[in-house]
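Data first, discussion second: the structure below is written as structure tokens.
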Amino acid sequence: MTDKKKPDIVIMDREVRSKCSIYPLRYREDLHFMHSKNVLEEPEDIFENYILLHVDGEPLSIEDKNTPMILIDASWKRALYLAKFPQFK
């Protein structure tokens with residue numbers, strides 16, 4: 001991913017935009033989005049040292065304050081599917 005910023009949020013491509021609470025944030029310059037269909041095209045270490053925010057994850061602590069985070073915006077079923085991609089391991 002040279003010359004591109006790493007995303008903060010991965011949006012599932014099949015999400016209904018009218019129901020998506022994250023999509024309106026796409027205009028913020030400090031947030032970077034990636035569509036899920038593009039994740040597999042990225043190197044497997046793209047999110048190395050990132051915290052993947054998910055329901056079964058460890059609670060955040062003060063030590064995490066400078067660690068980049070990635071959020072998957074999708075239904076629970078689709079988010080669990082995406083979280084199994086090697087880029088999120």
Side-chain angles (χ1 to χ4, degrees):
M1 279 192 68
T2 60
D3 299 337
K4 289 195 295 184
K5 296 222 178 209
K6 291 185 179 184
D8 302 298
I9 301 170
V10 174
I11 298 178
M12 186 71 184
D13 297 303
R14 293 184 279 169
E15 288 301 293
V16 178
R17 289 194 174 138
S18 64
K19 293 182 179 181
C20 179
S21 59
I22 299 293
Y23 193 72
L25 299 175
R26 70 189 181 279
Y27 297 111
R28 288 189 45 168
E29 293 182 15
D30 60 332
L31 292 176
H32 305 282
F33 293 81
M34 175 184 282
H35 287 282
S36 60
K37 67 181 177 185
N38 299 327
V39 171
L40 288 174
E41 297 172 5
E42 297 296 337
E44 289 189 11
D45 64 350
I46 184 174
F47 300 121
E48 186 174 50
N49 300 319
Y50 270 58
I51 295 173
L52 174 60
L53 298 177
H54 61 93
V55 70
D56 293 327
E58 294 291 321
L60 296 175
S61 69
I62 192 71
E63 289 82 24
D64 298 320
K65 72 179 184 178
N66 293 319
T67 304
M69 294 182 228
I70 187 73
L71 171 71
I72 297 174
D73 183 43
S75 68
W76 285 110
K77 183 178 179 180
R78 292 180 182 150
L80 291 172
Y81 167 77
L82 285 173
K84 293 179 183 175
F85 285 13
Q87 287 80 356
F88 296 114
K89 298 294 179 195

Just do the side chain to side chain contact (heavy atoms under 4.5 Å, CB included) check on Val10 and Ile70 with the steps written out, would you? CA-CA 7 Å; Val10 174; Ile70 187 73; 3.9 Å; yes
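At a threshold of 4.5 Å between non-hydrogen side-chain atoms, the residues Glu42 and Lys6 do not count as touching. Put simply, the side chain of Asp8 does not reach to within 4.5 Å of the side chain of Phe33, judged on heavy atoms. Looking at Ile72 and Leu53, their side chains never come closer than 4.5 Å, going by heavy atoms from C-beta outward. Taking 4.5 Å as the limit, some side-chain heavy atom of Leu60 sits within range of a side-chain heavy atom of Ile51. In this structure, the side chains of Met34 and Ile46 come closer than 4.5 Å at one or more pairs of heavy atoms. Side-chain atoms of Val39 and Leu82, non-hydrogen and from C-beta on, never get closer than 4.5 Å to each other. Taking 4.5 Å as the limit, every side-chain heavy atom of Lys89 sits out of range of all side-chain heavy atoms of Leu52.
With values rounded to the nearest 0.5 angstrom, Tyr81 atom OH is found 8.5 Å from Ser36 atom OG.
Partners of Asp30 according to the salt bridge (Lys or Arg N to Asp or Glu O under 4.0 Å) rule, which considers only residues two or more places apart in sequence or in another chain, are Arg28. Applying the side-chain hydrogen bond (donor to acceptor under 3.5 Å, both in side chains) rule to His35 yields the partners Asp13; only residues at least two apart in sequence or on another chain are considered. Contacts of Phe47 classified as ring pair (Phe, Tyr, Trp, His ring centres under 6.0 Å), with partners at least two apart in sequence or in another chain: Tyr50, Phe88.
Screening residues 57-72 for salt bridge (Lys or Arg N to Asp or Glu O under 4.0 Å) gives no qualifying pairs among residues at least two apart or on separate chains.
Shortest non-hydrogen contact noted between Ala74 and Ala79 is CB-N, 3.8 Å.
Hydrophobic clustering (side-chain heavy atoms under 4.5 Å, transitive across Ile, Leu, Val, Met, Phe, Trp, Tyr) groups Leu31 together with Leu71.
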